Colleague: 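Below you will find the structure I want to go over with you.
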Amino acid sequence: MATTDAPITNGINYPDWEDRYYHVDQVLDNPGPRTDPDSFMAGDGVKNFLRNQCKILVIGAGGLGCEILANLALSGFKDIHVIDMDTIDISNLNRQFLFRSKDVGQPKATVAAEYIMKRVPGVKVTPYYGKIQDKDDDYYMQFNLVICGLDSVEARRWINATLVNLVDPENPESLKPLIDGGTEGFKGQARVILPTITSCYECSLDMLNKPTTFPICTIANTPRLPEHCIEWASVLEWPKVKGDMKLDTDDPEHIQWLYSVALERAQEFKIEGVTWSLTQGVVKNIIPAIASTNAIIAASCCNEAFKIATSSAAYLNNYFMLIGTESVYSHTFEHEKRNDCPVCGGESLEVSISESWTVERLIEMLVEKQDIQIKKPSLSTPTKQIYFQAPPQLEVATRPNLEKKVSELVPDGGDVTVTATTLPFSLSLRITYT
Amino acid sequence: MVSNGSQDIKAEMATSEVQPDNKTRRYDRQLRLWAATGQSALESARVLVIGASATATSILKNLVLPGIGHITLLDHCVVSPADAGNNFFFEGSSIGRNRAEEAVYRLAELNDSVQARADTRDVADVLASDQSYFFGFSLIITHNIAPVLLKRLADLLWSNPSSPPLIPVRSAGFLAEFFVQFHTHEIIESHTEDSTSLRIDKPFPALLQAARELKFDAMDTTDHGHIPYVYILVRALDDWKTAHDGLPPQTYAEKQEFKSLLNAQKRTLDEENFDEAVAQSYRAWTPTITPPHLVELFADTTIPSTPFGHLLAALQSFSRRPPHVLPLSVTLPDMKSDTESYVRLQNLYRTQAAEEREQFRALLRVPVQNELVDLFVKNAHGVQLLKGACYGALDATPEKLTAHLGSLTRETATHLAFFALDAWRSSPPRQSGGPTDSELREHIVSLVPSVELDEKEISDAVGEIIRAPTADLPNVAAFLGGIVAQEAIKMITRQYIPVNGYCVIDLVDTWTGVLPS
Ligand SMILES: [Zn+2]
């Protein structure tokens with residue numbers, strides 16, 4: 001192989017030894033047939049930007065995050081920041097390859113950063129052990145690119161909306177490309193979001209799998225599946241027996257309790273299949289995860305980041321999904337921006353409801369509807385408050401409205417603004433009655 | 001099984017009451033995909049990887065983490081400064097040391113339970129003097145090894161039907177391809193998502209009887225609103241057939257009529273169980289048949305003489321007898337019902353499934369392990385027997401390549417560019433520097449001389465290859481590390497369905513495609 005012809009020098013441990021970037025430089029020194037010649041500064045120009053100027057943020061140091069950090073470091077990114085609020089669990093070790101058994105309990109961001117800096121000298125990784133919500137606009141403004149490897153929908157909606165809000169048309173630097181990846185078992189997707197320009201995370205909310213929920217009457221009265229018994233234990237029995245004690249799904253004692261209670265109920269109803277593993281899976285909403293799928297998706301994300309940062313080749317427009325269960329199937333397509341997207345669209349969302357609907361019924365719909373999914377929404381019109389979830393005094397004051405008809409409070413064609421404390425944006429609805 | 005159901009539950013309780021051990025906790029997220037059977041297959045596997053490139057070590061990392069039994073990395077070269085720059089499993093201090101030893105040392109740290117070995121011999125020497133070596137592994141993967149050596153290895157393995165599968169991986173810059181070579185590949189747990197039949201159209205006697213015995217009219221409102229839709233459908237179809245010469249609804253008009261008859265049985269508008277019956281009414285006129293891929297397999301005369309082959313033969317005998325179905329194996333979907341009716345219905349299906357499993361067992365001409373029989377019957381509708389091809393066979397069949405160029409243009413163009421790169425590497429005299437555009441095109445034209453090539457696709461692929469002919473880019477290596485490990489896991493566990501042919505990858509436009517061999 002050509003690489004073995006290079007001169008051998010023992011004991012080199014300083015950054016950027018000769019030939020360090022032998023592989024990457026092949027695509028940085030020469031354009032390809034699909035490289036835009038106007039934006040690609042072949043050679044020193046592009047290398048200087050990538051290695052000395054570009055600042056990139058990685059959100060999540062878990063299954064995707066570990067892979068993303070290693071790929072970025074080897075690709076030549078030298079100033080990397082990483083945010084993660086979690087600590088290492090033993091069930092992470094089958095895929096999160098920067099962690100060892102001795103690290104269990106330590107913050108993921110810190111351990112990952114140290115490992116990368118040890119293995120790839122000259123790369124600076126700055127960890128932050130905490131929430132993305134702790135940081136303000138000035139913090140996010142310092143980066144050229146953001147890569148997201150998260151398993152939480154809520155956190156992705158937050159960072160997506162934050163980066164869209166950051167865009168100032170007068171300042172091109174304020175547009176931070178967001179690259180987002182996600183996996184489930186042998187399947188995954190990677191996408192490139194140019195805030196305000198392409199479809200954003202919120203635009204595609206209806207593509208998410210609907211989480212399985214069981215009607216409370218089934219759980220309480222007619223259980224049929226082992227899952228129904230587990231839900232009974234966690235949703236109904238836990239608060240009843242344990243009072244104010246918060247259920248901690250990471251606490252094995254708590255899972256043990258739920259498992260025994262669910263098993264007892266299953267035996268009473270002659271239902272088979274309640275196991276420890278199923279109990280844990282249901283209450284933690286566990287999604288299967290393997291190293292190989294994370295590697296594919298993290299690599300896709302980093303490859304797009306590399307192409308955007310260097311202009312060495314066109315980048316993804318804008319969605320790549322892969323399914324590895326039957327042969328290898330993938331689909332690359334442009335996801336369309338939604339004009340009524342509450343984050344990037346600008347237009348209000350048209351909602352047609354029955355004249356007899358109460359405010360409570362409307363709230364239920366906002367929670368459930370696939371393209372909205374707002375937990376605990378607060379509602380107001382331009383002139384009055386309809387219902388507020390917080391603060392407590394306001395909740396009490398507006399609570400009587402829950403039973404009122406929407407049509408008594410909002411005229412036909414009237415606007416309602418929906419907010420939630422977890423989301424940094426508001427949703428405008430235009431209500432019409434059928 | 002039904003009579004001692006509660007004992008089963010107690011027995012299970014006794015074994016699973018304790019919290020899972022550390023190993024189960026470590027592998028929890030993958031056990032939810034391939035279960036203990038898949039894990040134990042992984043733990044007994046021995047994988048050989050040839051060439052300690054960034055791509056090769058990425059593949060190995062994704063096999064070591066989930067707990068593969070044994071890895072051997074074969075490489076005689078020393079770590080160059082370039083290797084230390086693009087491979088996460090080398091450090092500055094690795095430069096000048098053997099590549100296999102340096103990489104294995106750091107890969108082994110990822111998982112204590114994996115046996116990891118470095119072999120510092122030259123693959124050319126092993127091929128020349130120690131061919132039996134390769135037969136000691138369950139899977140062999142190569143990355144960018146010399147075309148002539150790869151050909152020799154592929155031919156050696158192909159010459160013996162019981163040799164391990166081979167996955168040759170090729171990459172240059174943003175482009176890559178890999179092939180999966182195997183003679184046959186048996187899959188019991190294919191995890192395909194086709195739903196199995198509930199036999200509404202061919203109800204077994206106990207189900208039909210139970211449906212007929214229900215007294216819908218005598219039920220109170222609560223019970224009526226909780227009759228499982230399976231009974232509603234079986235009974236409605238039974239009535240329909242009596243009135244229609246034993247035939248199910250066939251025309252569109254008949255199907256609509258069938259649905260309105262179901263709706264007419266509702267006592268109140270909101271009886272969800274009748275809504276479910278209407279939604280599931282296609283089950284009444286969709287015949288339960290043997291899936292086409294199995295019919296095709298049964299017609300194949302070269303079924304191997306393995307336990308899987310014996311099971312397949314028994315499955316064929318089973319499906320030949322009336323009522324011409326596969327053994328019943330169904331996880332009853334959830335449906336609107338009270339607990340008692342649902343559990344009773346579930347037991348009807350379980351009893352019937354147990355009976356049919358025994359009938360199936362009696363049809364086996366050669367005894368097969370009980371657990372394997374159970375697993376096979378449970379997954380019967382999705383079992384697969386893939387027939388593979390030899391690496392390079394596609395390039396020896398220009399008419400196939402020509403056909404692919406028409407329908408899978410970009411995949412074939414990229415494959416041809418890799419073919420040309422290999423041909424260029426193998427043909428003397430070799431100029432210093434990389435290949436040129438015209439050199440690669442000459443090799444392509446000589447392979448498929450009479451075809452008009454798609455200029456854009458060919459120049460896109462050839463252009464990227466001459467841009468970076470020896471580049472093992474970190475992101476491309478990581479991508480291949482994941483996708484090839486997925487295929488390796490599918491081959492080793494015999495679960496899910498692997499690629500049969502070439503998988504072609506372009507990370508400029510970010511797509512993958514499959515070229516059947
Ligand atoms: Zn949007």
Side-chain angles (χ1 to χ4, degrees), chain A residues 2-4 6 8 10 12-13 17-24 26-27 30 32-34 70-71 74-75 90-91 93-95 97 119 185-186 222-225 252 263 267 269-270 272 275-276 288-293 295-296 299 302-303 306 313-314 316 320 324-328 330 332, chain B residues 5 9 13 16 19-20 22 25-30 32-33 61-62 65-66 77 80-83 85-86 88 91-92 95-96 110 173-174 191 334 337-339 342-343 459-460 463-464 467-468 470-475 478-479 481-483 485-486 496-497 499 503 507-508 510-512 514:
Chain A
T3 58
T4 56
I8 296 159
N10 282 308
I12 296 175
N13 57 6
W17 54 89
E18 196 185 341
D19 262 353
R20 176 176 192 172
Y21 295 113
Y22 165 86
H23 294 274
V24 171
Q26 292 185 40
V27 296
N30 310 293
R34 288 168 277 176
N71 294 339
L74 291 172
S75 297
I90 185 168
S91 66
L93 302 181
N94 81 325
R95 59 195 188 286
F97 73 112
R119 193 58 72 78
F186 283 92
T222 57
R224 298 174 294 268
L225 305 181
L263 190 63
Q267 283 175 297
F269 284 93
K270 301 192 172 59
E272 291 177 27
T275 59
W276 172 283
I290 51 175
S292 41
T293 314
I296 298 171
C302 295
N303 190 49
F306 178 80
L316 173 65
F320 170 70
T325 48
E326 275 183 62
S327 186
V328 171
S330 75
T332 307
Chain B
I9 294 177
M13 191 179 154
S16 59
Q19 294 177 18
N22 271 359
R25 284 166 64 201
R26 181 182 185 111
Y27 295 139
D28 179 81
R29 299 302 185 270
Q30 67 201 46
R32 290 172 194 273
L33 288 175
K61 155 185 151 290
N62 297 324
L65 286 166
C77 299
S80 70
D83 292 335
N86 82 328
F88 197 73
E91 288 179 19
I95 294 172
L110 300 177
F174 288 110
H191 298 268
D334 190 26
S337 165
D338 56 280
T339 306
Y342 184 82
V343 170
S459 58
D460 277 359
E464 282 299 335
R467 175 192 194 180
T470 57
D472 191 8
L473 300 179
N475 295 323
F479 190 99
I483 204 161
Q486 274 196 352
Y496 302 93
I497 303 170
V499 167
C503 179
L507 291 182
V508 173
T510 313
W511 54 259
T512 72
V514 171

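Hydrogens, waters and symmetry mates are skipped; everything else that's a heavy atom, side chains included, is used. Just so it is clear, the structure is predicted and the values come from calculations on it, not from any experiment. Every chain is numbered from 1, with letters handed out A, B, ... down the list of sequences.
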Colleague: Please classify the contact between F306(A) and chain B as side chain, backbone, both or neither, with a heavy-atom cut-off of under 4.5 Å.
Modeller: side chain
Colleague: Would the distance check show the side chain of W17(A) and the main-chain N or O of P81(B) forming a donor-acceptor pair, the cut-off being under 3.5 Å?
Modeller: yes
Colleague: Counting heavy-atom pairs closer than 4.5 Å to chain B, which one of C302(A), A313(A), P252(A), A314(A) comes out on top?
Modeller: C302(A)
Colleague: Does any backbone or side-chain atom of Y342(B) lie under 4.5 Å from a heavy atom of chain A? Answer side chain, backbone, both or neither.
Modeller: side chain
Colleague: Can you find a pair of side-chain heavy atoms, one from E326(A) and one from H191(B), that are under 4.5 Å apart?
Modeller: no
Colleague: With a 4.5 Å cut-off on heavy-atom pairs, point out which of T512(B), V499(B), D460(B) contacts chain A the most.
Modeller: D460(B)
Colleague: Pick from P66(B), G463(B), G173(B): which one has the most heavy-atom pairs with chain A under 4.5 Å?
Modeller: G463(B)
Colleague: May I ask you to name which of S75(A), A299(A), P33(A) has the most heavy-atom pairs under 4.5 Å with chain B?
Modeller: P33(A)
Colleague: Is D472(B) in contact with chain A via its backbone, its side chain, both, or neither, using a 4.5 Å heavy-atom distance?
Modeller: both
Colleague: Do the side chains of S292(A) and I483(B) get nearer than 4.5 Å, heavy atoms only?
Modeller: no
Colleague: Heavy-atom pairs under 4.5 Å with chain B: which of T332(A), V328(A), T293(A) has the most?
Modeller: V328(A)
Colleague: Can a side-chain donor-acceptor contact be found between T470(B) and Y22(A) if the only test is distance below 3.5 angstrom?
Modeller: yes
Colleague: With a 4.5 Å limit on heavy-atom distance, are the side chains of F174(B) and R467(B) in contact?
Modeller: yes
Colleague: Going by heavy atoms in the side chains, are R29(B) and S91(A) under 4.5 Å from each other?
Modeller: yes
Colleague: Quick one: of L316(A), V24(A), T325(A), who has the most non-hydrogen atom pairs under 4.5 Å with chain B?
Modeller: T325(A)
Colleague: Quick one: what part of S459(B) sits under 4.5 Å from any heavy atom of chain A, side chain, backbone, both or neither?
Modeller: backbone
Colleague: I90(A) versus chain B, heavy atoms under 4.5 Å apart: side chain, backbone, both or neither?
Modeller: both
Colleague: Of all of D28(B), D338(B), L33(B), which one pairs up most often with chain A through heavy atoms under 4.5 Å apart?
Modeller: L33(B)
Colleague: Between F97(A) and K61(B), is there a cation-pi geometry (under 6.0 Å to ring centre, at most 45° from the normal)?
Modeller: yes
Colleague: Name the member of I290(A), V27(A), L225(A) that forms the most heavy-atom pairs with chain B at distances under 4.5 Å.
Modeller: V27(A)
Colleague: Tell me, out of L473(B), L110(B), N22(B), N62(B), who's got the most heavy-atom pairs with chain A below 4.5 Å.
Modeller: N62(B)
Colleague: Counting only heavy atoms closer than 4.5 Å, note whether V508(B) contacts chain A via side chain, backbone, both or neither.
Modeller: both
Colleague: Has R119(A) got a side-chain atom pairing as donor or acceptor with F88(B)'s backbone, closer than 3.5 angstrom?
Modeller: yes
Colleague: Within the 4.5 Å heavy-atom criterion, are V343(B) and R224(A) side-chain neighbours or not?
Modeller: no
Colleague: So do P288(A) and Q30(B) actually touch side chain to side chain, heavy atoms under 4.5 Å?
Modeller: no
